[in-house]
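Structure record follows, encoded as structure tokens.
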Amino acid sequence: MTGKILSGLNEAQREAVHTVEGPVLILAGAGSGKTRTLTYRIAYLVYEKGIPPYHILAITFTNKAAVEMKERVHRLVGGVANQIWIHTFHAVCVRILRREIPHLGYRRDFVIYDTVDQSSLVKDCLKELNLDPQRYAPKGILAAISRAKNELMTPRMVAKRAEDLYDEILARVYQVYQRRLLENNALDFDDLIMQTVLLFRKNPEILDYYQDRFRYLHIDEYQDTNHAQYVFARLLAAKHRNICAVGDDFQSIYGFRGADLRNILDFEKDYPEARVIKLEQNYRSTKTILTAANEIMKHNQGQKFKELWTENEEGPPISYYEAEDEVEEAEFVAAEVRRLKREEKLALSEIAVFYRTHAQSRVLEEVLLRERIPYHIVGGLKFYERKEVKDILAYLRVVHNPADTLSLERIINTPRRGIGIRTLTRVKEYARRQALDLYDALKLAAAGQIGQIKEKSRQGVRSFVTLIEQLREIKDACPVDDLVRMVNEKSGYLAMLRKENTYEALSRMENIQELVSVAKDFEERQQVTGAAGPGEGGLEAFLESVALVSEADNVDTGAGAVLLMTLHSAKGLEFPAVFIVGLEEGVFPHREAVFEASELEEERRLCYVGITRAKRHLYLVRAFQRTLYGNTVYNGISRFIEEIPRELLREVERGDEAAVSGFQTPAPAGGFKAGDRVSHKVWGVGTVVGTRGIGPEAEITVAFPGVGLKRLLVSIAPLEKLQ
DNA sequence: TAGCTTGTATTTTTT
DNA sequence: ATACAAGCTA
């Protein structure tokens with residue numbers, strides 16, 4: 001096995017795999033075989049060192065990365081891989097908290113609040129404190145609370161450090177916010193990490209248990225850790241000190257959300273005995289591309305020295321193009337995409353376009369649409385944040401946990417049951433006085449034990465309580481998808497939508513159906529993995545799985561369409577041909593980021609990330625003028641262009657390609673692809689010209705003669721595909 | 001309560 | 001320009 005494991009590795013990678021005792025920092029440059037090294041290392045621990053798999057923990061940032069690593073480890077070590085914990089930070093903490101959280105005063109069946117929930121909770125808190133949301137923007141408050149939690153600051157600590165009135169108010173809101181979370185038996189995303197740390201700090205014996213459980217710790221993307229995550233890892237590693245941090249300070253692009261570059265830069269201070277291993281050989285890009293990337297990064301101060309090199313060929317020069325405006329910029333991209341396809345024989349899915357902000361995607365989209373080039377936009381829409389989906393999930397959450405007042409209030413009168421503000425206020429008031437949960441007070445109200453409530457409202461309350469009670473009775477006995485179906489029907493939610501009789505309602509109904517499918521998939525997966533019998537603990541697990549997923553986990557790269565995405569979403573991917581557009585001062589680097597040196601450096605790292613995605617063809621594009629917020633601006637050339645040695649660049653002319661139509665490539669959107677003929681109930685026959693999103697999000701743009709372009713959700717639109 | 005008007009911001013994103 | 005949210009009228 002040793003030979004097998006080590007044969008495909010270079011010197012540095014081999015060292016990284018071998019060095020399993022004590023702290024190790026693996027500085028893994030872009031395209032240096034990081035995941036390979038990490039997975040081999042885990043295999044080495046199991047096979048060569050005979051470490052029991054349950055002593056190994058690997059932490060990633062995204063579900064996607066976790067799944068990928070699990071699969072690759074599984075391929076190396078087989079079934080025992082299932083005993084290795086490979087999860088995101090949040091998932092690891094949830095698993096720990098599910099066992100231990102009673103020590104913190106929450107119940108084990110806590111729910112996880114997402115950003116939408118958080119926002120309504122903050123608004124509630126502001127109301128409770130009689131604060132003007134104009135003056136104290138919920139968004140800002142929420143951001144500050146999140147920052148505080150990332151820094152492991154409790155409300156009390158925030159109060160103590162307050163420097164002005166705003167800080168004092170903030171501390172108050174934060175305090176109320178935490179109290180409300182506790183009352184609702186809920187945790188937000190940041191809490192998952194922070195509460196686990198607090199748990200460890202408060203209960204040394206619990207920490208001790210997990211330290212012994214996870215003797216071999218791996219943290220991927222270490223440069224993206226925030227302070228709370230850093231402390232979490234440090235605590236876990238403190239006893240056995242076998243921590244393997246993997247990361248690349250050059251690819252730290254999430255400072256704006258709390259990632260602290262110092263975590264990786266100071267690793268050797270935290271662990272003086274640490275071995276530092278640099279993976280600098282790149283297997284992805286041409287020499288030209290790597291030189292450009294290295295040169296750009298020389299303009300950043302205070303990062304670890306690292307220079308990528310490769311045995312790959314020189315490759316073609318980097319193309320630089322200066323467009324008139326953003327439309328011409330997009331036209332250039334379109335023309336070059338055609339050329340790459342024709343002359344370089346690239347598939348469309350081998351080509352990607354990166355931009356700094358989402359707003360830039362529109363013009364690109366319009367032009368590609370016009371040019372009949374299939375494209376696919378990564379990111380954007382969110383299935384789980386849609387109102388109807390959140391409503392149904394709120395029902396399930398209340399069924400699972402009646403103390404979840406936020407969810408309860410969300411659905412108590414949806415569909416309408418005649419329970420208005422007045423009734424609700426009365427019951428809430430009663431609950432407060434009697435120190436009851438809102439749900440228990442509702443039960444009393446239904447039984448007529450709370451005065452001042454009209455008979456009609458009481459009936460509404462009664463029907464609501466009955467519904468929840470019914471569902472609670474069966475929740476452990478039936479599969480989750482049946483439960484969802486039951487909520488849809490018995491709550492009257494579907495009936496309400498059916499009555500509306502609008503396209504929008506139809507779309508909402510389809511989304512709810514989609515949620516049933518999600519639940520069904522989930523249930524089937526549970527059966528396969530043998531995690532539980534039908535329904536058994538399924539609801540809780542289901543709610544958790546939807547709370548921790550994100551759409552971005554499935555960037556579909558095999559889709560036969562040009563991929564359009566922000567530079568941030570590009571991290572971790574690679575393409576034979578890459579376009580980076582909008583290379584102008586104020587766009588990229590972004591105007592908001594040029595005042596502060598640290599932010600500018602993050603922009604530069606973002607540029608580095610973009611460039612190092614390219615295997616062979618790299619295009620850097622700027623527009624002479626562009627329309628921004630409604631007026632024309634003339635931005636200078638991005639400094640990043642200036643930082644690339646001239647001899648690596650070749651300024652190109654616009655290659656006007658005769659528009660050739662007829663791309664016949666598969667696309668991901670619900671089985672539709674550009675070029676398909678479809679029939680629509682209302683608009684008749686049309687041609688698919690673009691796709692966007694996946695799964696329940698999938699959207700297609702269709703050209704209907706005489707009607708124009710229409711954007712349709714595949715899952716809901718009354719569409720039929722014509723052979 | 002829906003639909004309208006008015007105001008305001010407008011990087012990047014995961015869980 | 002535009003999108004989205006909050007406030008206001010029918």
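Everything numeric here is computed off the predicted structure, so don't read it as measured data. Sequence lines set the chain letters: A, B, ... in the order given, protein chains first and strands last, and positions in each chain run from 1. Side chains included, hydrogens not; waters and symmetry mates left out as well; all remaining heavy atoms used.
Comparing B/dT12 with C/dA5, their C1' atoms are spaced 22 Å from each other, to the whole Å.
Contacts of A/R416 with the nucleic acid, taken as non-hydrogen atoms under 4.0 Å apart, involve only primed sugar atoms and P, OP1 or OP2.
Remark: A/R622 pairs with A/E322 by the salt bridge (charged side-chain N to carboxylate O under 4.0 Å, His left out) rule, at least two apart or across chains. Every residue two or more places apart in sequence or in another chain was checked for a salt bridge (charged side-chain N to carboxylate O under 4.0 Å, His left out) with A/E642, and none qualifies. Legend: residues meeting side chain to side chain contact (heavy atoms under 4.5 Å, CB included) with A/R416, ordered by chain and number and at least two apart, are A/N413. For the side chain to side chain donor-acceptor pair (under 3.5 Å) test, residues two or more places apart in sequence or in another chain that qualify with A/H218 are A/R41. With sequence neighbours left out, the side chain to side chain contact (heavy atoms under 4.5 Å, CB included) criterion links A/S119 to A/K123, A/L142. Looking at residues two or more places apart in sequence or on another chain, you find a side chain to side chain donor-acceptor pair (under 3.5 Å) between A/R604 and A/N300, A/E643. Taking the salt bridge (charged side-chain N to carboxylate O under 4.0 Å, His left out) definition, one finds that A/R397 meets it with A/D117, A/D404, sequence neighbours left out.
Listed pair A/K149 / B/dT15 fails the phosphate criterion, with no side-chain N or O lying under 4.0 Å from OP1 or OP2.
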Heteroatom pairs (N/O) under 3.5 angstrom, protein to nucleotides 4-10 of chain C:
none

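Shown for residues 255-263 of chain A: residues whose heavy atoms fall under 4.0 angstrom of DNA chain B, namely A/F256, A/R257.
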